[in-house]
Amino acid sequence: MKKTPLVVVVGATASGKSEMVLELAEKFNGEIICADSRTIYKGMDIGTAKPSSEDRLKIKHHLLDIVAPDEEFNAAEFKRLANRTIEEIKGRGKIPFLAGGTGLYISGVVYDYGFGDKKDPLIRTRLEKETTEDLKKKAKKLALTEDDINFKNRRHLIRAIERGGIIKGDDKLRDNCLILGIDIGQDELKSRIRKRIDRMIKSGLEKEVRKLVSMYSFNAAGMDAICYKEWQSYFAGEQSLAELKEEMYKNTWQYARRQKTWFRRDKNIRWATSSDEASVLVYQF
RNA sequence: GCAGGGUUAGUGAAGCGGUCAAACACGUCAGACUGUAAAUCUGAUGGCUUAUGCCUUCGUAGGUUCGAAUCCUACACCCUGCA
C-alpha cells in the first residue's frame, strides 16, 4: 500500500497556478492548501486574486481567511498549520495539493525548515534597538561571516544572532512529494498581469481597499500587499488612475521576478507549461 | 519677429573647462533569503567576453583650447516675456 503523496504546485503570481491546481485536485480527488502569505487574510479578496467562492465550493481550499489583516502571522505558523491540514486531508483519503507563490512558506513545509523554535521575543526586541555596528560585532563573536549572512540586511542579521548562528537545512525533500512548477513565457506573464489588474479594478478593488483602510489603516500587517499599498497615494490625490495601475503592474512584475529566482534554484521542481503536462507528471508519480 | 530659458545615457534629473562613461532616483537584468517573505537586502547597468585598458556618447554641424557635456558660432526642436 503506497503512502498518500503530497503534490505541490508553485509558480509566479498570475501564472495560472490556481486554475491548474483546481483542475488537478478535481482530477485526482484532492483538496487544496493555499501557501500564500496574503490570501491568509480575511477581507483581502480581490487584490490577492483569492480563489472564488465557486471554486471553493467545487474543491475544498484550506488556509484561506485565517487571520485579520492587522494580525501577525508568519512562516513557522504556516508550516504548523499546513502540516496539520495535510494529515487531515490524508485522513479523509484524499490527496493534499499545496499550492502558492510564497516560496518560504512552501520550502518551510516541503524541506522541513527549522524556524528557530527557541526564539525568545524579548531577545529580539532588545536586538532591534541596537545599532547595526553593535549587531555586526555580535555577529563576529558568533563567527558569522559575510558569506553566512548579508550584513546590510538588518533583519537577517538580527535573526542570525538570535538563533546563535546560521541554520541551514539539508534541503532534503520530504517523502512522497512532487513539486510542480508552472512556467509560462515572460511576455505571456506580463500580459496576464496587466489583464489581471484591469480585472481587479473592474471587480471593485477600490471599494475593497477603502473598506480595509477604514477598518485597519494602511499600516496593518497585511496591507503592505501589492495592489493594496499603491492606493495610498491615489487616495491622497497624488496619483492618477493610470499611474496607480502602472505602479501596481510594476510591483507585481518585480514580485513575480523575485518568485522566479526563488523557485529557479530548487532543483526538485518539475516544470510544466500546461495542466495536461502537469497531469501526466502526477499520473507518473 | 525681438528678448530669455531649455535640449545629458531606457526615463526623470545633476554636472557648467581637466579627477566625466558622466552624481542621484526610477526602471531593467542578475542574485540572496530557514518566524514580518506580496517583505527585506545585494550586485550589475554605453560598447569591447577580463581590465588601474581601449572605443563611442551629453540636440546637430563647426570653432576656441594642451584639454569641452561644460566656452563661442550657426542650425533644428521645445517652453516663456514683448510683439
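Chain A is the first sequence line, chain B the second, and so forth, proteins listed ahead of strands; every chain is numbered from 1. For the numbers below, each heavy atom of this structure counts, side chains included, while hydrogens, waters and symmetry mates do not.
Considering only side-chain N and O atoms, A:Tyr111 lies nowhere under 4.0 angstrom from the phosphate OP1 or OP2 of B:U34. Within the structure, a side-chain polar atom (N or O) of A:Thr102 is placed less than 4.0 Å from OP1 or OP2 of B:A38. Residue A:Arg155 places none of its side-chain N or O atoms closer than 4.0 Å to OP1 or OP2 of B:A37. The phosphate of B:A39 has OP1 or OP2 within less than 4.0 Å of a side-chain N or O from A:Arg258. A:Tyr255 has a side-chain polar atom (N or O) that falls below the 4.0 Å cut-off from OP1 or OP2 of B:A38. OP1 or OP2 of B:A39 has at least one side-chain nitrogen or oxygen of A:Lys229 nearer than 4.0 Å.
Side chains of A:Tyr111 and A:Asn268: a donor on one and an acceptor on the other come within 3.5 Å. Side-chain contact check for A:Ser15 and A:Arg192: no donor-acceptor pair (N or O, by modelled atom type) lies under 3.5 Å.
Across all strands shown, A:Ser107 has no heavy atoms under 4.0 Å from either base or sugar-phosphate atoms. Using a 4.0 Å heavy-atom criterion, one finds that A:Phe78 contacts no nucleic acid atom at all. Using a 4.0 Å heavy-atom criterion, one finds that A:Gly222 contacts no nucleic acid atom at all. At a threshold of 4.0 angstrom between heavy atoms, the contacts of A:Thr261 include nucleobase atoms, whether or not backbone atoms are also involved.
Pair assignment for B:A9 gives none, since no Watson-Crick or G-U wobble pairing has each distance under 3.5 Å. Of all nucleotides present, only B:A32 satisfies the Watson-Crick or G-U wobble test against B:U40, with each distance under 3.5 Å.
Side-chain atoms of A:Asn74 and base atoms of B:A37 include no donor and acceptor less than 3.5 Å apart. Residue-to-nucleotide contacts include no donor-acceptor pair under 3.5 Å from the side chain of A:Asn150 to the base of B:U42.
As rounded to whole Å, 15 Å separates atom C1' of B:A38 from atom CZ of A:Phe218. In this structure, A:Ile226 atom CD1 and B:U40 atom P are separated by 10 Å, rounded to whole Å. The distance between atom CD of A:Gln186 and atom C1' of B:C29, rounded to the nearest whole Å, is 10 Å. Between A:His156 atom NE2 and B:G31 atom C1' the separation is 13 Å, expressed in whole Å.
Between B:A14 and B:G81, the distance separating the two C1' atoms is 27 Å to the nearest Å.
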Pairs under 3.5 Å (N/O, protein and nucleotides 25-27 of chain B):
{"from": "B:G27", "atom 1": "OP1", "to": "A:Lys250", "atom 2": "NZ", "distance (Å)": "3.2"}
{"from": "B:G27", "atom 1": "OP1", "to": "A:Gln254", "atom 2": "NE2", "distance (Å)": "3.2"}

